[in-house]
Student: 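Quick one: structure below, then a few questions.
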Amino acid sequence: VAVNRAWRQFAMDNHGGADGVLEGSNYLQACRPDGIGQPQAADAQGASFAEQLSQVLSGRSTGFQFEYPCHSSTEKRWFLARVMRIEGSDPPRTVVAHDDITALKLTQESLRQSEALLLDLAASIPGAMFRLVQLAGGGWRFVYFSPGIAQLFELTPDQVCGDIRILGRYILPEDLPAHDQSVRDAVRAHRDWEYEYRIVTPGGVLKWVHAKASPKPGVGGDMVWTGVLTDVSERKHMETVLRASESRYRMLFETVPQGVVFQDATGRITSANPAAQRILGLSLPQMQGRTSIDPRWRAVREDGSDFPGDQHPAMQALRTGLPMQGVRMGVHVPDRGLVWLQVSAIPLYHQGVIDEVYASFEDITERVHLDRELQTQAATDFLTGLSNRRQLMTDLAHEFERCRRQPGTACSVLAVDLDHFKDVNDRWGHAVGDAVLCHVARLMGEEIRLNDRVARSGGEEFILVLPGTGADEAMALANRLRQRLEQHPLAGPEGPIPVTASIGVGLILPDDASADAALARADQALYDAKHAGRNAVRLATGPA
């Protein structure tokens with residue numbers, strides 16, 4: 001007999017039109033399965049609603065409530081129908097109100113899904129979630145334990161909730177006092193509780209348990225503690241292994257004879273072992289904060305040139321991300337002077353980014369000095385201290401290549417032979433002969449330039465290599481040498497020992513096939529000087 005505006009609008013929106021659902025229509029017919037109230041409801045549900053409505057209309061019932069879905073093609077909806085007969089009305093009147101409870105249903109469904117999710121999470125975490133109530137009147141009571149307690153303690157949730165003391169029976173006796181004290185401290189301070197302890201399960205398995213819980217006020221003065229117990233046995237095992245490994249590496253770090261230095265991503269030293277402090281002559285506080293580019297290191301290369309700080313192995317490793325191996329460098333160490341090191345540096349990454357660099361080095365000062373001494377011995381005549389023939393040939397080959405690369409560059413070669421040197425050995429002995437050779441070497445060394453090379457090529461023979469020297473200059477030097485030897489005899493035990501020399505001068509020519517050609521040319525000129533009566537100088541004028 002009457003509908004309100006909300007029903008009218010609903011009928012227009014969902015029924016496509018008003019026929020059969022507005023004033024004058026049969027409402028029982030509208031409530032059938034094909035009616036507006038049940039467009040997608042099951043036949044049984046529509047029939048049930050119509051039956052209960054008939055009972056109210058006939059006076060057999062005063063009212064009822066009926067919840068039903070009313071989904072459209074674009075959304076899900078639920079309604080609550082409240083049917084009530086108006087007492088005393090004549091003729092009898094019945095009011096039907098349909099309330100949209102979709103939001104409530106969706107909230108209930110969301111809560112149901114959240115609860116299911118929480119239950120799934122509680123069952124899947126590697127441990128057990130729990131709720132413990134500290135009663136206002138005194139005492140404690142577990143009110144919830146997730147299924148994970150079975151795997152952790154080998155006990156059921158019902159067993160634990162039924163006996164507040166059961167978990168404590170499986171805690172190791174040596175861990176129990178500290179465990180209980182940690183609980184008392186947290187309760188007294190009303191703060192979160194967190195503690196790790198060991199248990200032995202009913203099956204005899206030793207485990208580490210990490211416990212954590214937070215308190216919140218409950219009903220009636222109770223305090224509710226919600227927390228989780230987690231099996232951390234594997235982590236504890238790994239920590240034990242790591243501690244043992246760290247101890248071993250710490251021992252190696254402290255005892256290896258090589259120096260070890262760690263530098264951060266900016267190159268600053270953060271740590272250095274005792275060997276590094278000993279080798280570098282600095283304490284750890286003196287080294288911390290320094291970088292490889294600190295000029296106080298005064299680093300040098302093997303050839304004596306400066307070793308720029310940004311090219312140090314550690315800085316190179318930080319800049320390129322590549323390891324540097326076996327770099328030799330010298331650093332000035334307090335109270336020791338120049339110390340030679342062989343350095344390696346390896347970049348260390350954290351999450352794909354260079355976090356620090358590990359540099360190791362050893363003191364190779366004695367090795368460097370020995371190498372240099374051996375090199376010197378291999379290139380030096382043991383008697384005179386001049387270069388030997390091997391070094392001579394190296395120097396001559398170097399100058400020959402320079403002349404080939406730089407056309408027009410001059411280089412002369414002098415071949416020197418002491419006159420009648422055998423007579424000196426025969427008359428005064430080999431010791432005096434050796435003294436004569438050293439005397440001649442000293443005099444020649446005083447006449448040549450710094451870049452000239454003089455070598456003893458064998459017996460009483462000497463070779464001089466004069467870079468950048470043409471024929472005229474070479475002849476002038478040869479004559480000065482000849483005159484100085486003649487004018488400065490060696491003071492012998494029985495008086496002055498005269499020394500003269502024959503000298504041949506040759507040049508490196510553009511058409512020479514090798515450095516040997518210039519040496520052969522100088523030897524030919526030397527032969528000419530001897531043939532001319534000795535104590536003479538001759539210049540080679542043609543090819544050898």
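Heavy atoms only: backbone and side chains are in, while hydrogens, waters and symmetry mates are out.
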Student: With distance as the sole test, does Thr201 use its side chain to make a donor-acceptor pair with the main-chain N or O of Val205 at under 3.5 Å?
Tutor: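 The answer is yes, because a donor-acceptor pair under 3.5 Å joins these two groups.
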
Student: Is any side-chain heavy atom of Met329 closer than 4.5 Å to one of Pro313?
Tutor: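 With C-beta onward as the side chain, the pair touches.
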
Student: Any salt bridge between Arg235 and Glu196, counting N to O under 4.0 Å?
Tutor: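 Result for this pair is yes, salt bridge flagged.
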
Student: Could you go step by step and tell me if Asp516 and Met393 meet the side-chain contact (heavy atoms from CB on, under 4.5 Å) rule?
Tutor: CA-CA 9 Å; Asp516 292 338; Met393 298 310 296; 3.2 Å; yes

Student: With distance as the sole criterion, is a donor-acceptor pair present between the side chains of Ser344 and Gln325 under 3.5 Å?
Tutor: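 Indeed, the side chains of Ser344 and Gln325 share at least one donor-acceptor pair under 3.5 Å.
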
Student: More than 12 non-hydrogen atoms from neighbouring residues, nucleotides or ligands closer than 6.0 Å to CG on Asp472, yes or no?
Tutor: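 No, because the 6.0 Å sphere around CG of Asp472 holds 12 heavy atoms or fewer from other groups.
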
Student: May I ask you to check whether Gln391 and Asp395 show a side-chain donor-acceptor distance below 3.5 Å?
Tutor: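 The criterion, which ignores hydrogens and geometry beyond distance, is satisfied for Asp395 and Gln391.
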
Student: Taking the side chain as every heavy atom from C-beta outward, state whether Phe145 and Leu229 have any atom pair closer than 4.5 Å.
Tutor: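 The answer is yes, as the side chains (C-beta and beyond) meet within the 4.5 Å cut-off.
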
Student: Taking only residues at least two apart or on different chains, which pairs with a member in residues 455-464 satisfy side-chain hydrogen bond (donor to acceptor under 3.5 Å, both in side chains)?
Tutor: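 Non-adjacent pairs meeting side-chain hydrogen bond (donor to acceptor under 3.5 Å, both in side chains): Asp381-Arg456.
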
Student: For the residue pair Ser182 / Trp193, report whether a side-chain donor-acceptor contact shorter than 3.5 Å exists.
Tutor: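 There is such a pair between these side chains.
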
Student: If you define the side chain from C-beta out and look only at heavy atoms, does anything of Arg442 sit under 4.5 Å from His488?
Tutor: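 No. Closest side-chain heavy atoms not under 4.5 Å.
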
Student: Are there over 12 heavy-atom neighbours, none belonging to Arg319, within less than 6.0 Å of that residue's CZ?
Tutor: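 Enclosed.
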
Student: Any chance CZ of Arg404 has more than 12 other-residue heavy atoms, nucleotides or ligands included, within less than 6.0 Å?
Tutor: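 At most 12 heavy atoms, drawn from other residues, nucleotides or ligands, come within 6.0 Å of this atom.
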
Student: Is there a side-chain contact between Phe153 and Lys207, using heavy atoms and a 4.5 Å cut-off?
Tutor: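 They are not in side-chain contact.
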
Student: Please answer whether the main-chain N or O of Gly203 pairs with a side-chain N or O of Glu154 as donor and acceptor at a distance below 3.5 Å.
Tutor: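 Judged by distance alone, yes, a pair lies under 3.5 Å.
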
Student: Within the distance-only criterion (no hydrogens, no angle test), does the side chain of Ser360 pair as donor or acceptor with the backbone N or O of Val260 below 3.5 angstrom?
Tutor: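 No, Ser360 side chain to Val260 backbone: no donor-acceptor pair under 3.5 Å.
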
Student: How about CD on Gln181, more than 12 heavy atoms from neighbouring residues, nucleotides or ligands closer than 6.0 Å, or not?
Tutor: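 Above 12, so yes.
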
Student: Any heavy-atom pair between the side chains of Leu485 and Thr500 that's under 4.5 Å?
Tutor: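 Heavy-atom side-chain distance check fails, nothing below 4.5 Å.
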
Student: Is it true that a side-chain atom of His312 and a backbone atom of Ser292 form a donor plus acceptor pair closer than 3.5 Å?
Tutor: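 Answer holds: yes.
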
Student: When you measure from the side chain of Ser233 to the backbone of Trp208, do you find a donor-acceptor pair of N or O atoms at a distance under 3.5 Å?
Tutor: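 Pair found, side chain donor or acceptor close to backbone of Trp208.
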
Student: Do any N or O atoms from the side chain of Ser245 and from the backbone of Val241 form a donor-acceptor pair under 3.5 angstrom?
Tutor: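 Absent.
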
Student: Which pairs count as salt bridge (charged side-chain N to carboxylate O under 4.0 Å, His left out) when at least one residue sits in residues 478-506, sequence neighbours excluded?
Tutor: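 Those involving residues 478-506 are Glu446-Arg484, Glu447-Arg480, Glu447-Arg484, Arg482-Glu486.
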
Student: Start with the C-alpha gap between Arg198 and Leu206, add the side-chain angles, then the distance that decides, and say whether side-chain contact (heavy atoms from CB on, under 4.5 Å) holds.
Tutor: CA-CA 7 Å; Arg198 293 170 295 174; Leu206 177 66; 4.1 Å; yes

Student: With no hydrogens and no angle check, just 3.5 Å: does a side-chain donor-acceptor pair link Asn479 and Gln483?
Tutor: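 Not at all, the side chains of Asn479 and Gln483 share no donor-acceptor pair under 3.5 Å.
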
Student: Between the side chains of Gln524 and Arg521, does any donor sit under 3.5 Å from an acceptor?
Tutor: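 Short answer, no.
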
Student: Quick one: does any side-chain atom of Tyr197 pair with a main-chain N or O of Ala211 as donor and acceptor, under 3.5 Å?
Tutor: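 Judged by distance alone, no pair lies under 3.5 Å.
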
Student: Please check if atom CZ in Arg268 has more than 12 non-hydrogen atoms from other residues, nucleotides or ligands closer than 6.0 Å.
Tutor: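 At most 12 heavy atoms, drawn from other residues, nucleotides or ligands, come within 6.0 Å of this atom.
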
Student: Look at the side chain of Ser412 and the backbone N and O of Thr469, then say whether any donor-acceptor pair between them is shorter than 3.5 Å.
Tutor: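 Such a contact is found between Ser412 side chain and Thr469 backbone.
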
Student: More than 12 heavy atoms of other residues, nucleotides or ligands under 6.0 Å from CD of Gln406: yes or no?
Tutor: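 It does: Gln406 CD has more than 12 such atoms within range.
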
Student: What I'd like to find out is whether the side chain of Pro308 reaches to under 4.5 Å of the side chain of Arg301, using heavy atoms alone.
Tutor: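 Counting from C-beta outward, Pro308 and Arg301 do come under 4.5 Å.
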
Student: Does CZ in Phe382 sit with more than 12 non-hydrogen atoms of other residues, nucleotides or ligands closer than 6.0 Å?
Tutor: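 Atom CZ in Phe382 is not packed in, count stays at 12 or less.
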
Student: Is the shortest side-chain heavy-atom distance between Asp363 and Val339 below 4.5 Å?
Tutor: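 Answer yes - side chains close enough.
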
Student: Say whether, by atom type as modelled, one donor and one acceptor occur between the side chain of Asp512 and the main chain of Leu509 under 3.5 angstrom.
Tutor: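 Side chain of Asp512 to backbone of Leu509: a pair is present.
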
Student: How about NZ on Lys530, more than 12 heavy atoms from neighbouring residues, nucleotides or ligands closer than 6.0 Å, or not?
Tutor: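 Correct, the count exceeds 12.
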
Student: Can you confirm whether Asp355 sits close enough to Leu348 that some side-chain heavy atom of one is under 4.5 Å from a side-chain heavy atom of the other?
Tutor: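 No - every pair of side-chain heavy atoms lies 4.5 Å or more apart.
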
Student: I'd like to know if the side chain of Glu356 pairs up with that of Thr270 as donor and acceptor (distance under 3.5 Å, no hydrogens or angles considered).
Tutor: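 There is no such pair between these side chains.
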
Student: Please report the closest heavy-atom contact between Gln286 and Leu282, naming both atoms and the distance.
Tutor: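 Between these two residues, the closest heavy atoms are OE1-CA, 3.4 Å.
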
Student: Could you tell me how the ring of Phe262 sits relative to the ring of Phe253: parallel (under 30°), tilted (30 to 60°) or perpendicular (over 60°)?
Tutor: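 The arrangement is tilted - the two ring planes meet at 30° to 60°.
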
Student: Salt-bridged, Asp294 to Arg296, with N to O below 4.0 Å?
Tutor: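 Yes, Asp294 and Arg296 are salt-bridged.
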
